[in-house]
Amino acid sequence: MAWTELLYSPIWLVSTALLAFVVRLQRRGWWDPRACATRLDGKTAIVTGANTGIGKFIALDLARRGARVILACRSESRGQAAVDQIRGQSGNQNVHLRLVDLSLLESVRAFVERILGEEKALHILVNNAAVSGLPQQKTKEGLDTMFATNHLGPFLLTNSLLDLMKRSAPARIVFVSSVMHRKGQVDLSHFHGENLQYYQDVVYNHTKLHNVICSNEFARRLQGSGVTANSVHPGIVMTEVMRHYPLLMRFMFNFIGFFFFKSAEEGAVCPIYCAVSEETEGITGKYFDSDCAMVLPAPLARDAALAVKDFEYCERLTSKL
């Protein structure tokens, strides 16, 4: 039989379809948000980058549980469209948009000021927003754009809301990191765009490592406060994070991803697990993989002395810019 005949044979088509079906089933993992009965009535949550992808499904889940959900987004039009859609799908009208550009510390401060002026409590903070594949560039504050967006902005946001979360305890902080943090390195000059190799996802990997390191240090500093901090790998997910990559790379990612990668809804499962499940109540300073299992992060992320150094540097940098 010629390969072209085999390609279109019923046996080959059925076998391929069954394989794809099995692979897609295996991507879901053991924990199902739909089977979790946790209610969040009277609770307030903030999800960054919630106008699309993983963040949007996290916000939708929290809204379905009755929370007051604040979508922290950069685009007003896309953010409001997401708010309207989440309100419609969840039946919860207590879903709101607040604008923030995480790449600019001045924008983060303005966002925090508004939150502190409007909200009496904050029970869940999910740092989800991230970018990858950007060309090398600096913000007007002199920071590398990817480092500012993926780490320093979320760091400042979290650090500035800690007192509110302590008053609201029990409360949970979730950093959406990546398994790619294992390939990251720590060089504090990276924050200013120095000594960086802009190739594929190298810079992204560095920023995701900082997420895990500082999440662990937040957890250490928050011991006894009733506020927990954990980081997660959502899986390899088909989201818009690839939109800045070359066309061919995006095509291959989407083609392969259709069979083997998680959808945005599936990628939201582990962050939701850390944010709402009874199983993670009181757990802090941990890293979870895409199957909602606690695993050890990279050795650099477990270096306590490095964590203190990294955290204190981020504090100094955000205080003077």
Evaluate whether atom CD of E76 has more than 12 neighbouring non-hydrogen atoms of other residues, nucleotides or ligands under 6.0 angstrom away.
-> no
With S178 via side chain to side chain donor-acceptor pair (under 3.5 Å) - residues at least two apart = none
If you link I, L, V, M, F, W and Y whenever their side-chain heavy atoms are under 4.5 Å apart, who else ends up in the same group as L296?
-> none
Keeping the roles fixed (side chain from R302, backbone from P297), state whether a donor-acceptor pair exists under 3.5 Å.
-> yes
May I ask you to decide if G133's main-chain N or O and D201's side chain share a donor-acceptor pair within less than 3.5 Å?
-> no
Is I70 reachable from L164 through a run of hydrophobic residues whose side-chain heavy atoms are each under 4.5 Å from the next?
-> yes
Evaluate the criterion side chain to side chain contact (heavy atoms under 4.5 Å, CB included) for residue pair L99 and L97; output intermediate values, then yes/no.
-> CA-CA 7 Å; L99 297 179; L97 173 67; 4.0 Å; yes
Test item: K138 side-chain N/O and H192 main-chain N/O as donor-acceptor pair under 3.5 Å = yes
With sequence neighbours left out, the residues meeting side chain to side chain donor-acceptor pair (under 3.5 Å) with S107 are none
All side-chain contact (heavy atoms from CB on, under 4.5 Å) counterparts of I283, not counting sequence neighbours = N230, K286, F288, M294
Results of ring pair (Phe, Tyr, Trp, His ring centres under 6.0 Å) for Y198 - residues two or more places apart only | none
Might you work through the side chain to side chain contact (heavy atoms under 4.5 Å, CB included) test for L300 and Q185, ending with a clear yes or no?
-> CA-CA 8 Å; L300 284 174; Q185 296 295 324; 3.9 Å; yes
For V108 against G153, the heavy-atom pair lying closest together = CG1-O, 3.9 Å
Residues which pass side chain to side chain donor-acceptor pair (under 3.5 Å) with S189, listed by chain and number, not counting sequence neighbours = D187, N195
Would a distance-only check, ignoring hydrogens and angles, find a side-chain to backbone donor-acceptor pair under 3.5 Å from T44 to L122?
-> no
Should V232 and F175 count as side-chain neighbours, where that means a heavy-atom distance under 4.5 Å?
-> no
Sequence neighbours excluded - ring-ring contact (aromatic ring centres under 6.0 Å, His included) pairs with any residue from residues 112-150 = F147-H190, F147-F191, F147-H210
Side chains of T284 and R172: do they bring a donor and an acceptor to under 3.5 Å?
-> no
From CD1 (I124) to NZ (K43), nearest 0.5 Å | 8.5 Å
Just by distance, with hydrogens left out, do H151 and N211 show a side-chain donor and acceptor under 3.5 Å apart?
-> yes
Listed partners of T38 passing side-chain contact (heavy atoms from CB on, under 4.5 Å), at least two apart = C36, L40, R65, V276, E278
Measuring from L104:CG to T145:OG1, what's the distance to the nearest 0.5 Å?
-> 8.5 Å
Are C270 and S290 side-chain neighbours, meaning at least one heavy-atom pair lies under 4.5 Å?
-> no
Rounded to the nearest 0.5 Å, what separation is found between the CG atom of L105 and the OG1 atom of T139?
-> 7.0 Å
Treating Ile, Leu, Val, Met, Phe, Trp and Tyr as nodes and any side-chain heavy-atom pair under 4.5 angstrom as an edge, say whether Y313 and L209 lie in one connected cluster.
-> yes
Under 3.5 Å, side chain of S160 to main-chain N/O of L157, donor-acceptor pair present?
-> no
Partner set under side chain to side chain donor-acceptor pair (under 3.5 Å) for E119, not counting sequence neighbours = R68
Can you check whether M146's main-chain N or O pairs, donor with acceptor, with T149's side chain at less than 3.5 Å?
-> no
Neighbour count above 12 (heavy atom, 6.0 Å) for E312 CD | yes
Roughly how far, to the nearest 0.5 Å, is the CD atom of Q136 from the CG atom of L196?
-> 6.0 Å
Same cluster for I115 and I173 if Ile/Leu/Val/Met/Phe/Trp/Tyr side chains link at under 4.5 Å?
-> yes
Taking the side chain as every heavy atom from C-beta outward, state whether L317 and L143 have any atom pair closer than 4.5 Å.
-> yes
E113 CD: over 12 foreign heavy atoms closer than 6.0 Å = no
State, with a plain yes or no, whether a side-chain heavy atom of T48 is found less than 4.5 Å away from one of P154.
-> no
Can L71 and V47 be said to form a side chain to side chain contact (heavy atoms under 4.5 Å, CB included), step by step?
-> CA-CA 5 Å; L71 278 65; V47 183; 5.8 Å; no
Hey, are the side chains of D303 and I213 touching, using non-hydrogen atoms and a 4.5 Å cut-off?
-> no
Strictly by modelled atom types, are K208 and N205 linked by a side-chain donor-acceptor pair under 3.5 Å?
-> no
Kindly give the heavy-atom pair with the smallest separation between V203 and Q197, and that separation in Å.
-> CG2-O, 3.7 Å
Looking at side-chain heavy atoms only, is the closest gap between Y273 and P33 below 4.5 Å?
-> no
Just wondering, do L60 and R64 contact through their side chains at under 4.5 Å, heavy atoms?
-> yes
Partners meeting ring pair (Phe, Tyr, Trp, His ring centres under 6.0 Å) with F155 (sequence neighbours left out) = F218, F311
Establish whether L156 and V308 are linked, either directly or via other cluster members, by ILVMFWY side-chain heavy-atom contacts under 4.5 Å.
-> no
Give the minimum heavy-atom separation between A50 and A82, together with the two atoms involved.
-> O-CB, 4.0 Å
If every non-hydrogen atom of C274 is compared with every non-hydrogen atom of T280, which pair is closest and at what distance?
-> O-OG1, 3.5 Å
Quick one: do V269 and C292 satisfy side chain to side chain contact (heavy atoms under 4.5 Å, CB included)? Show the steps, please.
-> CA-CA 8 Å; V269 169; C292 302; 4.0 Å; yes
Give a yes or no on whether a salt bridge exists between E106 and R109, defined as a side-chain N under 4.0 angstrom from a carboxylate O.
-> no
Look only at the side chain of T318 and the backbone of E315, and say whether a donor-acceptor pair between them is shorter than 3.5 Å.
-> yes
Closest non-hydrogen contact found for E217 with A307 is OE1-CB, 3.8 Å
Could I get the full list of side-chain contact (heavy atoms from CB on, under 4.5 Å) partners for R182, not counting sequence neighbours?
-> V179, Y287, V295, A298
N128 CG to L102 CG distance, which is reported to the nearest 0.5 Å = 10.0 Å
Mind jotting down which residue pairs meet the ring-ring contact (aromatic ring centres under 6.0 Å, His included) criterion with at least one end in residues 49-76? Sequence neighbours excluded, please.
-> none
Closest heavy-atom contact between C214 and C314?
-> SG-SG, 4.4 Å
Can you tell if the side chain of R114 reaches within under 4.5 Å of the side chain of F111, non-hydrogen atoms only?
-> no
Would a distance-only check, ignoring hydrogens and angles, find a side-chain to backbone donor-acceptor pair under 3.5 Å from S215 to V212?
-> no
Distance col, row Q93:CD vs D84:CG, nearest 0.5 angstrom, shows 9.0 Å
